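Here the structure is laid out as structure tokens; the discussion comes afterwards.
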Amino acid sequence: MAIVVHPRTPRHVSLPLLRGLYSFDLARVALLAAVPADIKAAADELLITRLATITAGEKLSLAKRGSARIAGALMHDADARITKAVLENPRLTEASIVKAISRRDARESLIAEISRHPKWSLRQEIRITLLQNERIPLARALQFAQGIPYRQLLDVLHHSRLPGPTKELLLKQARATRKLRP
């Protein structure tokens with residue numbers, strides 16, 4: 001590992017050596033500030049390809065302290081414990097979450113977990129993306145729609161994959177709220 005992370009090691013030497021590192025060593029390489037960006041990216045990619053073969057305990061540890069790319073890849077894991085750990089990862093970004101919930105194959109449990117999360121459910125961009133996903137719980141959709149200006153809500157719902165009756169309900173609620181305001 002010392003050879004891989006050394007700043008004077010040529011790329012043609014350090015890249016092949018990455019394959020021989022353990023999973024947690026790869027995670028450490030991806031987080032070190034002194035490591036060149038292409039080596040970090042290669043370490044992340046290699047670790048993402050290994051995710052299918054590592055144990056749940058290792059995934060849980062990586063979810064808590066891995067890089068943003070690793071956290072984004074682990075967000076789609078079927079284990080709810082791993083999803084919860086990923087959402088608490090300090091390196092996780094809003095962009096990673098938006099990307100995860102924008103996918104058509106995003107799990108309903110992931111959508112529900114993010115919509116209830118005390119930190120991430122408060123972010124406007126995440127709320128808008130959740131409102132565009134057909135798997136959002138109705139109660140959360142109603143709550144999120146209240147915090148969005150009417151014209152913006154129209155645009156969000158126009159590009160949404162929500163069922164027609166749900167869209168109508170959200171619009172009806174927004175119109176009623178709009179009429180009540182002075």
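Fair warning: this is a prediction, and the values are worked out from it, not measured in the lab.
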Atom of [X], atom of [Y] and distance for their closest heavy-atom approach:
{"X": "Ala100", "Y": "Ala106", "value": "O-CB, 3.5 Å"}
{"X": "Leu15", "Y": "Ala42", "value": "CD2-CB, 3.6 Å"}
{"X": "Ile97", "Y": "Trp120", "value": "CD1-CD2, 3.2 Å"}
{"X": "Ile114", "Y": "Ser121", "value": "O-CB, 3.5 Å"}

Are [X] and [Y] close enough that some pair of their side-chain heavy atoms sits under 4.5 Å apart?
{"X": "His6", "Y": "Ser14", "result": "no"}
{"X": "Phe144", "Y": "Ser115", "result": "yes"}
{"X": "Arg11", "Y": "Pro36", "result": "yes"}
{"X": "Val29", "Y": "Asp25", "result": "no"}
{"X": "Lys167", "Y": "Ser160", "result": "yes"}
{"X": "Glu125", "Y": "Glu94", "result": "yes"}
{"X": "Leu110", "Y": "His76", "result": "yes"}
{"X": "Glu108", "Y": "Ile111", "result": "no"}

How many angstroms lie between atom [atom1] of [X] and atom [atom2] of [Y], to the nearest 0.5 angstrom?
{"X": "Leu26", "Y": "Leu47", "atom1": "CG", "atom2": "CG", "result": "5.5 Å"}
{"X": "Leu62", "Y": "Arg50", "atom1": "CG", "atom2": "CZ", "result": "11.0 Å"}
{"X": "Ile101", "Y": "Gln132", "atom1": "CD1", "atom2": "CD", "result": "9.0 Å"}
{"X": "Leu154", "Y": "Leu170", "atom1": "CG", "atom2": "CG", "result": "11.0 Å"}
{"X": "Leu51", "Y": "Thr49", "atom1": "CG", "atom2": "OG1", "result": "7.5 Å"}
{"X": "Thr129", "Y": "Lys99", "atom1": "OG1", "atom2": "NZ", "result": "13.5 Å"}

Has the side chain of [X] got a donor or acceptor atom that lies under 3.5 Å from a matching backbone atom of [Y]?
{"X": "Arg65", "Y": "Pro90", "result": "no"}
{"X": "Asn89", "Y": "Gly66", "result": "yes"}
{"X": "Arg135", "Y": "Asp105", "result": "no"}
{"X": "Thr166", "Y": "Leu162", "result": "no"}
{"X": "Glu88", "Y": "Ala85", "result": "no"}

Can you list everything that forms a side chain to side chain contact (heavy atoms under 4.5 Å, CB included) with Ser61? Sequence neighbours excluded, please. Phe24

What do the steps show when you test Leu142 against Gln146 for side-chain contact (heavy atoms from CB on, under 4.5 Å), and what is the final call? CA-CA 7 Å; Leu142 290 168; Gln146 288 177 346; 5.8 Å; no

Are [X] and [Y] grouped together when hydrophobic residues (ILVMFWY) are joined by side-chain heavy atoms under 4.5 angstrom apart?
{"X": "Leu18", "Y": "Val13", "answer": "yes"}
{"X": "Leu31", "Y": "Met75", "answer": "no"}
{"X": "Tyr22", "Y": "Leu32", "answer": "no"}
{"X": "Ile70", "Y": "Leu60", "answer": "yes"}

Can you establish whether the number of heavy atoms outside [X] located under 6.0 Å from its atom [atom1] is more than 12?
{"X": "His158", "atom1": "NE2", "value": "no"}
{"X": "Leu122", "atom1": "CG", "value": "yes"}
{"X": "Lys119", "atom1": "NZ", "value": "yes"}

If we count only N and O atoms by modelled type, under 3.5 Å, do the side chains of Gln124 and Arg127 hold a donor and an acceptor together? no

Salt bridge check: are Arg161 and Glu134 linked by an N-O gap of less than 4.0 Å? yes

So does Lys59 pair up with Asp79, basic N to acidic O under 4.0 Å? no

